[in-house]
Amino acid sequence: MNYDWQGYIGRPLNTPLRWMADIAAFALVFLMSMVIADIVIRSFGFRSFDGLIEVASLTVLLCGFFGMPRCFAINEHIIIDLFTQKNRPRTNQIIDSFWLFICVFFLLAVTYSMLLDGIEIHEAGERTEGWGWSPLVFVLPAVAGAIIAALVCLIASVNAWRLRWSKYYEAGESG
């Protein structure tokens, strides 16, 4: 793709997305530090950190669901272009717009399912083994990240569609 996705999202939304990605990166650095400290402490004969599994699980969720909206915003998500690499850019814009729009519904369906399951497990009284956290500690950040990713995909889809029609048809091109 050779069109500007960052222009799709705009500065007001790009800054919070950058903050979310920074939180995910900080969480990953924190987890790596915790694992290294745990290994060092255990090598001296002390016990392992309690709750390291919970921290690792939360970190993975933050990396995935807080990093995903930023990846969509800066066009760094995985693209398999075996079938589209020979297309004209404007054709790829239509294809990209369509799949980004489909992604909105997929993300919202996954979000809805995660939220329902998290609430059900929370109401059943289940807690994590190490620190006794509610499953909502894991579900709510994932839900927030997925909703924001869906919003980013919707904005990118609409703007890709608008760009496709304004850029080429205002210039008098057809096809």
Task: Beyond-backbone contact of S43 with I39, side-chain heavy atoms, under 4.5 angstrom - done: no
TODO: Assess whether salt bridge (Lys or Arg N to Asp or Glu O under 4.0 Å) is satisfied between R18 and D22, documenting all intermediate values.
DONE: CA-CA 6 Å; R18 191 174 302 116; D22 289 346; over 6 Å; no
Task: Over 12 non-hydrogen atoms of neighbours within 6.0 angstrom of CZ in F49 - done: yes
Task: side-chain contact (heavy atoms from CB on, under 4.5 Å) assessment of C103 paired with L107 - done: CA-CA 6 Å; C103 188; L107 285 168; 3.7 Å; yes
Open item on the list: Angle between ring planes, F26 versus F30, binned at 30° and 60°: parallel, tilted or perpendicular?
Closed with: parallel
Open item on the list: In this structure, would V29 and L58 fall into the same cluster of hydrophobic residues linked by side-chain contacts under 4.5 Å?
Closed with: no
Task: side-chain contact (heavy atoms from CB on, under 4.5 Å) between R42 and R47, intermediate numbers included - done: CA-CA 6 Å; R42 281 188 291 139; R47 274 184 26 167; over 6 Å; no
TODO: Find out whether L61 and P141 are in side-chain contact, i.e. whether some heavy atom of one side chain is under 4.5 Å from a heavy atom of the other.
DONE: no
Open item on the list: Donor-acceptor pair, distance only, cut-off 3.5 Å: does the side chain of S97 make one with the backbone of S157?
Closed with: yes
- [ ] Treat each ILVMFWY residue as a node, draw an edge where side-chain heavy atoms are under 4.5 Å apart, and state whether I155 and M68 are in one component.
- [x] yes
Open item on the list: Starting from M20, can I reach L154 by hopping between I/L/V/M/F/W/Y residues whose side chains sit under 4.5 Å apart?
Closed with: no
Task: W131: partners by ring-ring contact (aromatic ring centres under 6.0 Å, His included), with sequence neighbours left out - done: W133
Task: Shortest non-hydrogen separation from M114 to A146 and the atoms involved - done: CE-CB, 4.3 Å
Open item on the list: Applying a strict under-4.5 Å side-chain criterion to I, L, V, M, F, W and Y, I'd like to know whether I147 and L140 cluster together.
Closed with: yes
TODO: State, to 0.1 Å, how close P135 and I121 come at their nearest heavy-atom pair, and which atoms those are.
DONE: CG-CG2, 3.4 Å
Open item on the list: Do S134 and E126 make a side-chain contact, defined as non-hydrogen atoms from C-beta onward lying under 4.5 Å apart?
Closed with: no
- [ ] Keeping the roles fixed (side chain from T59, backbone from V55), state whether a donor-acceptor pair exists under 3.5 Å.
- [x] yes
Open item on the list: Are L28 and F138 connected into the same hydrophobic cluster when the rule is that any two of I, L, V, M, F, W, Y join if their side-chain heavy atoms are below 4.5 Å apart?
Closed with: no
- [ ] Take atom CD1 of I53 as the centre, draw a 6.0 Å sphere, and report whether it contains more than 12 heavy atoms from other residues, nucleotides or ligands.
- [x] no
